[in-house]
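Beneath this line is the structure, given in structure tokens, with notes to follow.
Convention: sequence-line order gives letters A, B, ...; per-chain numbering from 1.
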Amino acid sequence: MKIVVFITQTQDTEAKIKVSASGDTIDTEDIKWIMNPYDEFAVEEAIQTKEKFGGEVIIVSAGPTRVAESIRQALAMGADSAVHIEDEGFANTDSYTISKIVASEIKKIEGVDLIFTGMKIIDEESVQVGVQLAEELGVPHLSLVSKVMDVNPDQKIVKCQKEIDGGSVVVEAPMPALITCPDAMNEPRYASLPNIMKAKKKPMTTITAGDIDFDSLGISSDALSKNGAKVKTVNLVVPEVERKLKIIKGDDDPMVKGDEIAASAKELVKLLKEDAKVL
Amino acid sequence: MTTSDVISKLKSEINCNISTEKSDLETYGTDWTREFNPDPLAVIFPKTIEDVKNIVSFANKNKVSLTPSGGRTGLSAGAVAKNGELVVSFEKMNKVLSFNKADRTLEVQAGITTKEIQDYAKEKGLFYPVDFSSAGSSQIGGNIATNAGGIRVIRYGLTRQWIKGLKVVTGKGDILELNKGLTKNATGYDLMNLFIGSEGTLGLIAEATIQLTTQPKDSSVILIGLKNIENSIKVLELFREKLTLNAFEFFSHSAVKHVVKKLERNIPVCDTLPYYLLVDIETPSDNEIEIASEIYTNAFETGLIEDGVISQNPSQYRELWSFRENITEAISVFLTYKNDISVRTSQIPDFINDISAILNNEYPDFDTILFGHIGDGNIHVSILKPHDFDKEKFLNLCRGVNTKIFETVAKYDGSISAEHGVGLIKKPYLTYTRSEAEIELMKGIKKVFDPNGIMNPGKIF
Ligand SMILES: Cc1cc2nc3c(=O)[nH]c(=O)nc-3n(C[C@H](O)[C@H](O)[C@H](O)COP(=O)(O)OP(=O)(O)OC[C@H]3O[C@@H](n4cnc5c(N)ncnc54)[C@H](O)[C@@H]3O)c2cc1C
């Protein structure tokens, strides 16, 4: 059984985001990149599935050179091999182009039964790639899965649990099938140091834009660029926050205790009276 | 003169904000310790070094004692005013005065917070390396007065190493400009360094020149589980021989279990081991990861370590550190009796075994936790009061056992206070690790700077 996981990279969640001078992208100079957290759940779920039901895990990613770092992380976690579709243009294109190209590469892998990916990428939140991939591959899509319950490689059936408002449902689908992974689905494992070293020796195939037949995929040859993307980011806006908020240290603050809370309360009353004039 | 006479005289002679509000007296009259009841005369908020000088001269004339107050995160009751002292709060002296790019120095007023200095340095593409979990509130003046340490001492040293100049007002009332930003200055006694770690007993620190440095390169942190503490320093040696260490921290299982509960997150290594290490290493390239991996594999194969993981991205780096950084906060729901003690790094394993034996004997039923900067030979010992146990009985029991702990510290030629100062809390135990002759000399030095004994009386000795 072959299990594919599609992963991407995103800015570190603690990074300070600055809009670039052109206004339609972010300044990436000081940015650190991490594996998209939802994709990390997908990698973990795929490895757990392999551990329980057998098979091999293949990581597929599309993006600039830096993406290799996150691929290696996935290999160190326990994936077996990887395909890196490498092009700087992936950072500027849309999910339609990404899905078309990635699906065509997944199709080249024989005997794939399951495809995992994060339910969304946390940067621009288009929440489309998983769904589009399933469409392009012509396979059923199980969304917001909380647990893979059973996989039967002989009968080619996967059974999953999904959480719904006030309960859960069990769904099943014929394989191959694509599963998108929601927040907190599992606890992604840390790699051990020896596994990080072993990961370096695991096979990683790199494909470049030159290897892609844009025509047969029905996308224009400049699809891997801002111009060629069907959906373009035109403008990024950081909301102007008018700092009307004044924070008075209170109960939740670890540096505040007993008598300081009394002082804080007093200051609050004073400000409500004198500044806000609501009392 | 009655107290209210002194206060009205103070108000008429000194042009600073002065508060005698009960809540202010209670807030500014104490620090993080809360063992003593604050009872200051008033709280005064100077804005400039001239204000500070005026306050000292008033105090000398009117026989008023002064207690300097920084961010009040001190853990030795150094900033506690319990005998009618005038509290001098540096809260309003919080400005950056200048930045010198070529010297990479920053001149600041004493009330700026440690975090503000770190952030300012970062904005200039530089780095202020002193760091600990109270950095958001503690002030540089308080850091200097306690010679604060923290998590990066193993690589960057204590606060002392980053101070290039001080402007102080002595207890006598003189303004001294000490060292003036110089790197080299071989002209007699080093008065600046006397003020570092003086806990407000010689004078008031009004301004400081801070040395900044190059930002560290990308780093990774390794979490390691140990079966016994003997191996900890062997692991330190192995990593230090080949890599640049940013930090080498440890915590006991009994410490981390509180963090696991608070964060609702499991520790990502075998969670039944008694000791854990956090090894923070600089990893600018794969080469360092490879070296770390070789060290790890060898240590694992020879049975030095039981389990371990390494951070592979910034969020994992933060998460692994969070198990160490959240200890103090996780146990803050308990009344905690704290000791902060040090020995030479090489003696840490024997020392921890001896201390653990005392704790197990004396407090078989209490939750006792160990953590700290063992790369610097420094451990924090915390004893948690069970919720249903009487407070006074608990404190008395702890003070009783201190004798045994400090006898052990003395046996190892260690220190009864590694980085939190002496203040009021450790004062009764100073003689365990400083000789009578030394203490007499310290008292003599104080007399020179503070002939009337107005500066933070009763602290240290
Ligand atoms: C959660 C937590 C973690 C901590 N971790 C560490 C750690 O890892 N390492 C460490 O070393 N400490 C640590 N501490 C202790 C504390 O943060 C340090 O001692 C810090 O340096 C105190 O600074 P402060 O401004 O809060 O000083 P305060 O508590 O206000 O005062 C400390 C002493 O300095 C004197 N003082 C303050 N300002 C001046 C001034 N301008 N002139 C003269 N004297 C002055 C005071 O009179 C007092 O004696 C920790 C504390 C907490 C609460």
**OP:** Using a heavy-atom cutoff of under 4.5 Å, enumerate the residues of residues 291-302 of chain B that contact chain A, numbered in order, or state 'none'.
**Re:** B:Ala292, B:Ser293, B:Tyr296, B:Thr297

Shortest non-hydrogen separation from [X] to [Y] and the atoms involved:
X	Y	result
A:Arg72	B:Asp286	NH2-OD2, 3.3 Å
B:Ile310	A:Tyr190	O-CD2, 3.9 Å
A:Arg189	B:Gln316	O-NE2, 4.2 Å

Original post:
Taking atom types as modelled, is there a side-chain donor on A:Gln73 or B:Asn313 under 3.5 Å from an acceptor on the other?
Top reply: yes

Atom [atom1] of [X] with >12 non-hydrogen neighbours under 6.0 angstrom:
X	atom1	answer
A:Lys202	NZ	yes
B:Lys338	NZ	yes
A:Lys147	NZ	no
B:Glu325	CD	yes

Original post:
For B:Glu21, which residues count as a salt bridge (charged side-chain N to carboxylate O under 4.0 Å, His left out) partner, sequence neighbours excluded?
Top reply: A:Lys266

Original post:
Is chain B contacted by the side chain of A:Glu40, its backbone, both, or neither, given a heavy-atom distance below 4.5 Å?
Top reply: side chain

Original post:
Roughly how far apart are A:Lys32 NZ and B:Ser315 OG, rounded to 0.5 Å?
Top reply: 11.5 Å

Subject >> Inter-residue atom distance A:Met35.CE - B:Gln312.CD, 0.5 Å rounding >> reply: 8.0 Å

Original post:
Under 4.5 Å, heavy atom to heavy atom, which residues of residues 191-201 of chain A contact chain B?
Top reply: A:Ala191, A:Ser192, A:Leu193, A:Pro194, A:Ile196, A:Met197, A:Lys200

Original post:
Of the backbone (N, CA, C, O) and the side chain (C-beta and beyond), which part of B:Leu320 lies under 4.5 Å from a heavy atom of chain A, both, or neither?
Top reply: both

Subject >> Contact origin within B:Asp24 toward chain A - heavy atom pairs under 4.5 Å >> reply: neither

**OP:** Kindly write out the residues that satisfy side chain to side chain contact (heavy atoms under 4.5 Å, CB included) with A:Ile207, not counting sequence neighbours, or none if the list is empty.
**Re:** A:Val83, A:Ile85, A:Glu105, A:Asp211

